Protein chains: 2
Amino acid sequence: MVVETKRAPLDRARVLAAAVALADRSGLDAVSMRAVAAELGVVPMALYKHVDDKDDLVGGMIDTVIEGYDVPDAAPAGADQVRARIRAARTELLRHPWLRPAIETRSRRTPTVIAHMDAVAGAFLADGYSVDLTHHAMHALGHRIWGFSPEAFEEPPATPPSPAEQEAIMRMMATRYPSVTAIAIDAATRNASGACDDDAEFDFTLDLLLDAFARLRAAGWVSRA
Amino acid sequence: MVVETKRAPLDRARVLAAAVALADRSGLDAVSMRAVAAELGVVPMALYKHVDDKDDLVGGMIDTVIEGYDVPDAAPAGADQVRARIRAARTELLRHPWLRPAIETRSRRTPTVIAHMDAVAGAFLADGYSVDLTHHAMHALGHRIWGFSPEAFEEPPATPPSPAEQEAIMRMMATRYPSVTAIAIDAATRNASGACDDDAEFDFTLDLLLDAFARLRAAGWVSRA
DNA sequence: CTTGACAGGTGTACATCGTACACCTAGGCT
DNA sequence: AGCCTAGGTGTACGATGTACACCTGTCAAG
């Protein structure tokens, strides 16, 4: 008689893991209920026994990643601790490109998400920052707390036209948008590929902000008027 | 004989205006091809004669708003000009709440969008900022260039539980997330509603960043090592 | 040992969405 | 007069999220 290898029963963690794996492989758009179910060899509706709805699914995916943050818990306090946490977040963000759009379109907030914010805020407070200054800092850091800089410049969608066309486009750009063109050219002299070093920009801004707040604190800034 | 009042033929601008009006009234999710078509008393497929696809539609909606920026063209140069542009963007952003998610999920970049970035970058350059410093500034300002601060704290989804439950939740929050709770309480002492003054935070961070860059420039910073 | 509740997987069905494709029709040109 | 074409129509398809009824194996209580 044929013995079916019995499938271990699903649980929330396995569902989320499958969704994360799928997103890593094929992007966030590929994460549909049906696709995740197929990944697990199960019918779509089975997922709803472990997940409220699609929104809960991607919320759970985010949580899964956040819980994997490699954060040196016994790290130095204050700004350095903040830096460590944010860099840990960024590492994970780079590993999972779908994470950014996922967080950006998020609606509900989970305990895991709040806990991460609490840890960052706590590091400021532990370093003697006033509550209000910490508040400002959290706002200023914004999404950087999740490891990404919300760029004004997005990746160009990789439309490599013929070299001749490219020349014409460049000329048009240079006359119509001289400033961004100047920046692009300057960046290209520094980086053969012409792409910005996003990682360097991230650190630059992070340091700029952390320094600015350290300066305010040192100057005795406590709270807004 | 019955004389049908002849409908003026559609054009791209009318389609976009209808979509913007609909989004203003009912949110971005309500903007489907079918809904916009209905708004115009036309069949869904008619829109495709004026718009490539849905992505082009929302791109066009964004352009429509950007083109309406009330930017004092003969404004002071430099940081003040940047401030003016960004504040103009923010005004429009507050008028159209759908704008933020629309921009965030954007994929293609339109000339109108590039022109706005070019104007901001140009203001820095005109003020004597080096190209590279301008580049950094654009990255640091990130989405703030579009008028929004990408907050770590999002609006709570307005779940007002019973006062008793609220009390219990607060107590739990205070022990589990002491830092964010401290911030929330502190903010509440300053603002009866307990909500952050997002507008004030926006200005605070904008000033912080612009000051930081002004300081770098004054110190003779020209380009990264 | 029986029974029955319940956790968990199944199957069908539906509304909504974007959009491909073929079609029709009214104006304006040659 | 004849035709081209811009612009609106109609039908249809595949994908998606998810409601609802159903089945089934496990395990604890009687």
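For clarity, every value in this text was computed on a predicted model and none was experimentally measured. Each chain gets a letter, A, B and so on, in the order the sequences are listed, and its residues count up from 1. These values consider heavy atoms only, across backbone and side chains, with no hydrogens, waters or symmetry-generated copies.
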Residues of residues 19-32 of chain B with any non-hydrogen atom less than 4.0 angstrom from an atom of DNA chain C: list those, numerically ordered, please.
B:Ser32
Enumerate all atom pairs, one protein N or O and one N or O from nucleotides 11-13 of chain D, separated by less than 3.5 Å.
none

Hey, could you give me each pair passing side chain to side chain donor-acceptor pair (under 3.5 Å) that has a residue in residues 49-59 of chain A? Not counting sequence neighbours.
A:Arg12-A:Asp56, A:Asp53-A:Arg108, A:Asp55-A:Arg106, A:Asp55-A:Ser107, A:Asp55-A:Arg108
Would you call A:Asp198 and A:Arg90 a salt bridge, using N to O less than 4.0 angstrom?
yes
Inter- and intrachain pairs under side chain to side chain donor-acceptor pair (under 3.5 Å), touching residues 25-34 of chain B, at least two apart:
B:Arg25-B:Glu39
Between CE of B:Met33 and P of D:dG8 the distance, given in whole Å, is 15 Å
Results of side chain to side chain contact (heavy atoms under 4.5 Å, CB included) for A:Asp207 - residues two or more places apart only:
A:Arg83
Taking only residues two or more places apart in sequence or in another chain, which ones pass side chain to side chain contact (heavy atoms under 4.5 Å, CB included) with B:Ala200?
B:Asp197
Run the salt bridge (charged side-chain N to carboxylate O under 4.0 Å, His left out) test against A:Asp186 and tell me which residues pass, sequence neighbours left out.
A:Arg190
Quick one: list whatever passes salt bridge (charged side-chain N to carboxylate O under 4.0 Å, His left out) with A:Arg144, sequence neighbours left out.
none
Going by heavy atoms closer than 4.0 Å, what residues in residues 48-62 of chain A are next to DNA chain D?
A:Tyr48, A:Asp53, A:Lys54
Tell me, which pairs form a side chain to side chain donor-acceptor pair (under 3.5 Å) where one or both residues lie in residues 113-124 of chain A, sequence neighbours left out?
none
Sequence neighbours excluded, which residues qualify as salt bridge (charged side-chain N to carboxylate O under 4.0 Å, His left out) partners of B:Asp11?
none
Which residues pass the side chain to side chain contact (heavy atoms under 4.5 Å, CB included) test with A:Ala184, not counting sequence neighbours?
none
Quickly work out the B:Arg14 CZ to D:dG7 C1' distance and round it to whole Å.
13 Å
